[in-house]
K.L.:
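Let me give you the structure first, and then I'll get to my questions.
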Amino acid sequence: MATATEPAASARQIHPPEDLYARELAFLAAYDRGPRPPAWRLTPRAVVTFVMGSGDELKLPEPVEGLPRALTIGAKFVGERALVERCVVTLAGERGLLLVGEPGTAKSMLSELLAAAVCGTSGLTVQGTAGTTEDQLKYGWNYALLLAQGPSRGALVPSPVLTAMTTGAVARIEEVTRCLPEVQDALVSLLSERRIAVPELAGGPDAQVHAAPGFTLIATANLRDRGVSEMSAALKRRFNFETVGPIGDHDAETALVRRQARAAVERTGTAYAVDDTVLEVLVTAFRDLRTGRSAEGWEIERPSTVLSTAEAVSVASSLALAAAYFPGDRDVLSLLPGHLLGVAKKDDPADAARLLSYWDAAVRRRAEHGSATWRTLWDLRGVLEG
Ligand SMILES: Nc1ncnc2c1ncn2[C@@H]1O[C@H](COP(=O)(O)OP(=O)(O)OP(=O)(O)O)[C@@H](O)[C@H]1O
Ligand SMILES: [Mg+2]
């Protein structure tokens, strides 16, 4: 039996989207029975609906056992529908998809959602690092079996990419530009010839592993890491690039931050109790500092670090958890400047001064215009002086 210190075996911190949204995926497979690209679980249109949400309730034409008759598909990725459609078309054409953008713009999340919807798993993943080797993109060996039996298909340990090739699935390569160029180039032959040679098995039937229909790759690249421009021209040509930007709409960003902060608190079994005005101010500050211009049109000195939506979500979640675990101790708004300071100065200590100048310009002006929330923040200026 699970005790307080020993969680149940099934407890997980994060559920991959194919598990978290299993019901939605099964429903969409039954709802849209149109033609699908080879090996796809859903139609391209249903994949877009899965990622963007259905808005209205969808109703099955006839009852299907184990599925609800009607379901609203929740919105997950907040952004341009056209971008998601282009991503889906790229994958349907079995071309590689490269999602590039600033940190924290949901590139990884989008790649997981797409992979889960297209082939039922987002788990065939290689995390690109400076230490990634070609083996991790191709195959390795089980040395005990290799020594006992010599090279054989059984002793071969496939990489997630090789598994995706043989099963016609989508493999994900995170942060591809962090891999060394010669390692990245292993992907060139794989994407053009759609097979991997296994010289150790030369002469046998397994000397070549061929990609099954449906196989493709989604890679992500962070613009703050080593440049996408340094990728070889040959590799670039094998990918369709899509740039994922920050969320354009203020209200959409606030709604997302609220949804995710609420989910973070509800996971712990406590009640969510953060006032909407706090989230409003938090998202406004992130957007002002990110764009260098306030909604009122004032110029704002931008910190050099990125203030992403992902970080807005994590600050909002911390505030919500503080409110849940220390109810009544302190106004959650009073915690905001400290959190903002932490986010702002993570790359460059000089960004702390930029945050202070944001306080002296925008926060002060709003406080003078009579907003009680901004006045409270102005009164907390001392927190930033450290
Ligand atoms: N447009 C968006 N739609 C939905 N969620 C978003 C969006 N932008 C940011 N988020 C939030 O940011 C979180 C982190 O996103 P993710 O890790 O996928 O970003 P990333 O672009 O891969 O970042 P990095 O470049 O640092 O790897 C998401 O789980 C979500 O909470
Ligand atoms: Mg990522």
Side-chain angles (χ1 to χ4, degrees), residues 51-52 75-84 86-87 90 96-115 125 127-130 172-179 184 217-231 235-236 239-257 259-261 279 282-295 299-318 339-352 354-355 358:
V51 173
M52 302 298 296
K76 299 166 194 79
F77 174 73
V78 178
E80 233 189 301
R81 185 181 198 88
L83 176 137
V84 177
R86 286 195 303 273
C87 292
T90 297
L97 171 65
L98 183 58
L99 299 173
V100 292
E102 293 282 330
T105 46
K107 301 177 294 298
S108 300
M109 184 184 111
L110 180 57
S111 81
E112 285 182 17
L113 290 170
L114 289 169
T125 309
Q127 179 68 47
T129 69
R172 301 190 309 117
I173 305 194
E174 287 279 8
E175 313 289 0
V176 67
T177 49
R178 296 186 64 201
C179 304
Q184 288 177 27
L217 283 180
I218 308 178
T220 64
N222 187 319
L223 289 174
R224 295 275 169 140
D225 281 329
R226 187 175 18 187
V228 171
S229 52
E230 285 171 37
M231 279 171 77
L235 185 56
K236 280 189 215 164
F239 280 106
N240 283 1
F241 282 60
E242 288 296 342
T243 305
V244 185
I247 299 176
D249 184 60
H250 186 125
D251 292 342
E253 187 169 1
T254 312
L256 172 76
V257 169
R259 194 167 74 222
Q260 302 242 351
L279 292 189
L282 181 157
V283 172
T284 303
F286 266 82
R287 292 178 68 90
D288 289 348
L289 293 163
R290 187 188 304 149
T291 56
R293 181 171 285 274
S294 75
E299 289 275 342
I300 281 158
E301 199 188 346
R302 267 170 67 175
S304 57
T305 192
V306 183
L307 286 116
S308 68
T309 303
E311 283 160 315
V313 166
S314 74
V315 171
S317 304
S318 298
H339 279 285
L340 268 179
L341 183 62
V343 173
K345 67 177 188 189
K346 65 181 179 295
D347 287 332
D348 177 2
D351 282 341
R354 299 193 180 101
L355 188 60
Y358 174 65

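Throughout, residue positions are numbered sequentially from 1 according to the sequence presented.
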K.L.:
Roughly how far, to the nearest 0.5 Å, is CG of Leu289 from CZ of Arg354?
P.N.:
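Here the interatomic distance stands at 11.0 Å.
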
K.L.:
Find out whether Phe239 and Val176 are in side-chain contact, i.e. whether some heavy atom of one side chain is under 4.5 Å from a heavy atom of the other.
P.N.:
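Heavy-atom side-chain distance check fails, nothing below 4.5 Å.
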
K.L.:
Using only atom types and a distance under 3.5 Å, with no angle test, would you say the side chain of Arg287 pairs donor to acceptor with the backbone of Gly248?
P.N.:
yes

K.L.:
Is the closest side-chain heavy-atom distance between Leu97 and Glu242 below 4.5 Å?
P.N.:
yes

K.L.:
Quick check: do Glu301 and Tyr358 have side-chain heavy atoms less than 4.5 Å from each other?
P.N.:
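No. Closest side-chain heavy atoms not under 4.5 Å.
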
K.L.:
So, for Ile247 and Leu256, which heavy atoms are closest and what is the spacing to 0.1 Å?
P.N.:
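Of all heavy-atom pairs spanning Ile247 and Leu256, the closest is CD1-CD2, 3.6 Å.
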
K.L.:
What's the shortest heavy-atom distance between Ala295 and Asp288, and which atoms?
P.N.:
N-OD1, 4.0 Å

K.L.:
So, for Ala316 and Leu279, which heavy atoms are closest and what is the spacing to 0.1 Å?
P.N.:
CB-CD2, 3.8 Å

K.L.:
Taking all heavy atoms of Leu114 and all of Cys87, pick out the closest pair and write down the distance.
P.N.:
CD1-CB, 3.9 Å

K.L.:
Heavy-atom distance under 4.5 Å between the side chains of Leu110 and Leu83, does that happen here?
P.N.:
yes

K.L.:
First locate atom OG1 of Thr220, then atom CE of Met109, and finally report the distance between them rounded to the nearest 0.5 Å.
P.N.:
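It comes to 13.5 Å.
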
K.L.:
Just how far is it from atom CG of Leu217 to atom OG1 of Thr90, taken to the nearest 0.5 Å?
P.N.:
12.5 Å

K.L.:
May I ask you to decide if Gly128's main-chain N or O and Glu175's side chain share a donor-acceptor pair within less than 3.5 Å?
P.N.:
no

K.L.:
Side-chain contact test, heavy atoms from C-beta onward, threshold under 4.5 Å: evaluate it for Val306 versus Arg224 and give yes or no.
P.N.:
yes

K.L.:
In sequence, state the C-alpha distance, the side-chain angles, and the governing distance for Phe286 and Val257, and then conclude on side chain to side chain contact (heavy atoms under 4.5 Å, CB included).
P.N.:
CA-CA 11 Å; Phe286 266 82; Val257 169; over 6 Å; no

K.L.:
If you compare all heavy atoms of Ala261 against all heavy atoms of Ser317, which two are closest, and at what distance to 0.1 Å?
P.N.:
CA-OG, 3.7 Å

K.L.:
To the nearest 0.5 Å, how far apart are OG1 in Thr291 and CZ in Arg302?
P.N.:
7.5 Å

K.L.:
Is there a side-chain contact between Glu112 and Ile218, using heavy atoms and a 4.5 Å cut-off?
P.N.:
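The answer is no, as the side chains (C-beta and beyond) never meet within the 4.5 Å cut-off.
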
K.L.:
Atom CG of Leu307 and atom CG of Asp351: how far apart are they, to the nearest 0.5 Å?
P.N.:
8.0 Å

K.L.:
With side chains defined as the heavy atoms from C-beta onward, is the minimum distance between Asp348 and Pro303 less than 4.5 Å?
P.N.:
no

K.L.:
Please walk me through it: do Thr125 and Glu174 pass side chain to side chain donor-acceptor pair (under 3.5 Å)?
P.N.:
CA-CA 7 Å; Thr125 309; Glu174 287 279 8; over 6 Å; no

K.L.:
Looking only at side chains, do Ser314 and Glu311 share a donor and an acceptor under 3.5 Å apart?
P.N.:
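No, because no side-chain N or O of Ser314 sits under 3.5 Å from a partner of the opposite role on Glu311.
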
K.L.:
More than 12 non-hydrogen atoms from neighbouring residues, nucleotides or ligands closer than 6.0 Å to NZ on Lys345, yes or no?
P.N.:
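Counting other residues, nucleotides and ligands, NZ of Lys345 stays at 12 neighbours or fewer.
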
K.L.:
For Thr177 and Asn222, which I'm curious about, is there any donor-acceptor pair between the side chains at under 3.5 Å?
P.N.:
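Looking only at side-chain atoms, Asn222 and Thr177 do not form any donor-acceptor pair under 3.5 Å.
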
K.L.:
Does a donor on one side chain sit under 3.5 Å from an acceptor on the other, for Ser308 and Glu102?
P.N.:
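Judged by distance alone, the side chains do not pair up.
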
K.L.:
Taking the side chain as every heavy atom from C-beta outward, state whether Arg290 and Thr309 have any atom pair closer than 4.5 Å.
P.N.:
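Yes, their side chains come closer than 4.5 Å.
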
K.L.:
Show the nearest heavy-atom pair for residues Arg172 and Ala115, with the distance to one decimal.
P.N.:
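Where Arg172 meets Ala115 most closely, the heavy atoms are CD-CB, 4.0 Å.
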
